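To start, the structure itself, in structure tokens.
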There are 2 protein chains.
Amino acid sequence: MLRVSKLTDYATVVMTCLAAAGDDVLSAQQLAERAQLEAPTVSKLLKQLAHAGLVASFRGVNGGYRLARLPSAITVAEIVTAIEGPIGMTECSVHSGQCGREPHCGVRVNWQRISHAITAALESVTLADMVKPPPRRGTAIPLRVAVT
Amino acid sequence: MLRVSKLTDYATVVMTCLAAAGDDVLSAQQLAERAQLEAPTVSKLLKQLAHAGLVASFRGVNGGYRLARLPSAITVAEIVTAIEGPIGMTECSVHSGQCGREPHCGVRVNWQRISHAITAALESVTLADMVKPPPRRGTAIPLRVAVT
DNA sequence: GGCAATCGGTACTGAAATGGTACTGTTTTA
DNA sequence: TAAAACAGTACCATTTCAGTACCGATTGCC
């Protein structure tokens, strides 16, 4: 199945928990309970998210994490990238010079186009969207993605 | 990195080779040479692609494979699905009842929406597009994807 | 009819990535 | 100074991935 890793999935859940907490600072332990995930796993995720600048960390007693920005200013694409690295559907669409076929390979550029489209799709959904209840029928968020 | 597996990547290359061959029937061995891939790997891929109805197989001497349809009628989404199974970004967006959070989980439905958008992006690119030379600047294929 | 070429299916294996755990260090506050 | 909490490193079990091997079934040609 074409999918993001479990950790990325967990990261979105943790981020939505933080978004729901508003400006409160939550410890990794508290977040683990709310997200129903293992504490060390959550801790590792928060570290990566902090490194990517998506959450702000506070050390010491009563320390913890908080979103670095408003939920509406954080996209799913950023979360995915923070955990998985750059988005690219194939190896050659990110790193060139791997496969010898490149000079005459029309597949490569097309995968790059597809990757861009998917990136755009992920960028169009913000954390605020994830927290909100699902849109009702007929109120879909219009998303226009151009494969260029 | 968010990506398809190598085998899926290989499958698109094999399919483009078949598309380039027109109506000719090519053996797994010939395709392996053209795609610059290991013969057993190509053979395995072709088996899966045949099972998915994307290629037609012919047994016996001078047997081999041929596209089951016109390149313009085969989408990248079909190739991905043939090799990787259903497209879904998270486990819970495909199989329900796995994580207890579902009743109150807004993340799930939003991942499903994202999955749909990505599926649409993959469906919008056909094998014919992959064979064609990359579009020139300003002649991008417009693709409108609605997240519903 | 027999042989060779080719697909079809199953099983196996080594390597890599994934996901989880443990431990130790550092910073901050009471 | 001690406790709470983040930060970093290392490690291990499991799963998945990619490749290989083998045997059976089918077809065409001699």
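Because the structure is a prediction, the values reported are computed rather than measured. Below, chains carry the letters A, B, ... as their sequence lines are ordered, and counting in each starts from 1. Every heavy atom of this structure was used, including side-chain atoms; hydrogens, water molecules and symmetry mates were not.
Look at S27(B) and you won't find any side-chain N or O under 4.0 angstrom from OP1 or OP2 of dC7(C). Under 4.0 angstrom from either OP1 or OP2 of dA5(D) there lies no side-chain N or O belonging to S57(A). A sub-4.0 Å separation between OP1 or OP2 of dC17(D) and a side-chain N or O of Y10(B) is absent.
Counting only heavy atoms from C-beta outward, the side chains of E78(A) and T81(A) never approach each other to under 4.5 Å.
Proximity note for A28(B) (side chain, C-beta onward) versus dC7(C), dG19(C), dA18(D): the nearest is dC7(C). For Y65(A), taking side-chain heavy atoms from C-beta onward, the closest of the listed nucleotides dC6(D), dT29(C), dA5(C) is dC6(D).
Atom CZ in R66(B) sits roughly 17 Å away from atom P in dT6(C) (whole-Å rounding). Rounded to an integer number of Å, the gap from N62(A) CG to dA30(C) P is 7 Å. Atom pair L7(B):CG and dA16(C):C1' shows a separation of 14 Å (rounding to whole Å applied). For the pair K6(A) NZ and dT21(C) P, the interatomic distance rounds to 12 Å; values are reported in whole Å. Between the CD atom of Q30(A) and the P atom of dA4(D) there is a distance of 14 Å, rounded to whole Å. Protein atom CD1 of I83(B) is 13 Å distant from nucleotide atom C1' of dA18(D), rounded to whole Å.
In this structure, I118(A) CD1 and L122(B) CG are separated by 5.0 Å, a value rounded to the nearest 0.5 Å. From M15(B), atom CE reaches atom CD1 of I74(B) across 4.0 Å, with rounding to the nearest 0.5 Å. Once rounded to the nearest 0.5 Å, the distance linking CG of L37(A) with NZ of K6(A) reads 11.0 Å.
Each of T8(B) and V61(B) lies near DNA chain D, and the nucleotide nearest T8(B) is the one positioned closer to the 5' end.
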Go through the steps to decide whether L49(A) and L18(A) satisfy the test side-chain contact (heavy atoms from CB on, under 4.5 Å), and finish with yes or no. CA-CA 12 Å; L49(A) 293 169; L18(A) 276 172; 6.0 Å; no
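Put simply, the side chain of S43(B) never gets that close to the backbone of A39(B): no donor and acceptor are under 3.5 Å apart. Q48(B) places no side-chain N or O within 3.5 Å of a backbone atom of L45(B) that could act as its donor or acceptor partner.
Donor-acceptor pairing under 3.5 Å, judged by distance alone, is absent between the side chain of R59(A) and the base of dT29(C).
Near DNA chain C, meaning a heavy atom under 4.0 Å away, the residues from residues 37-55 of chain A are E38(A), P40(A), T41(A), K44(A).
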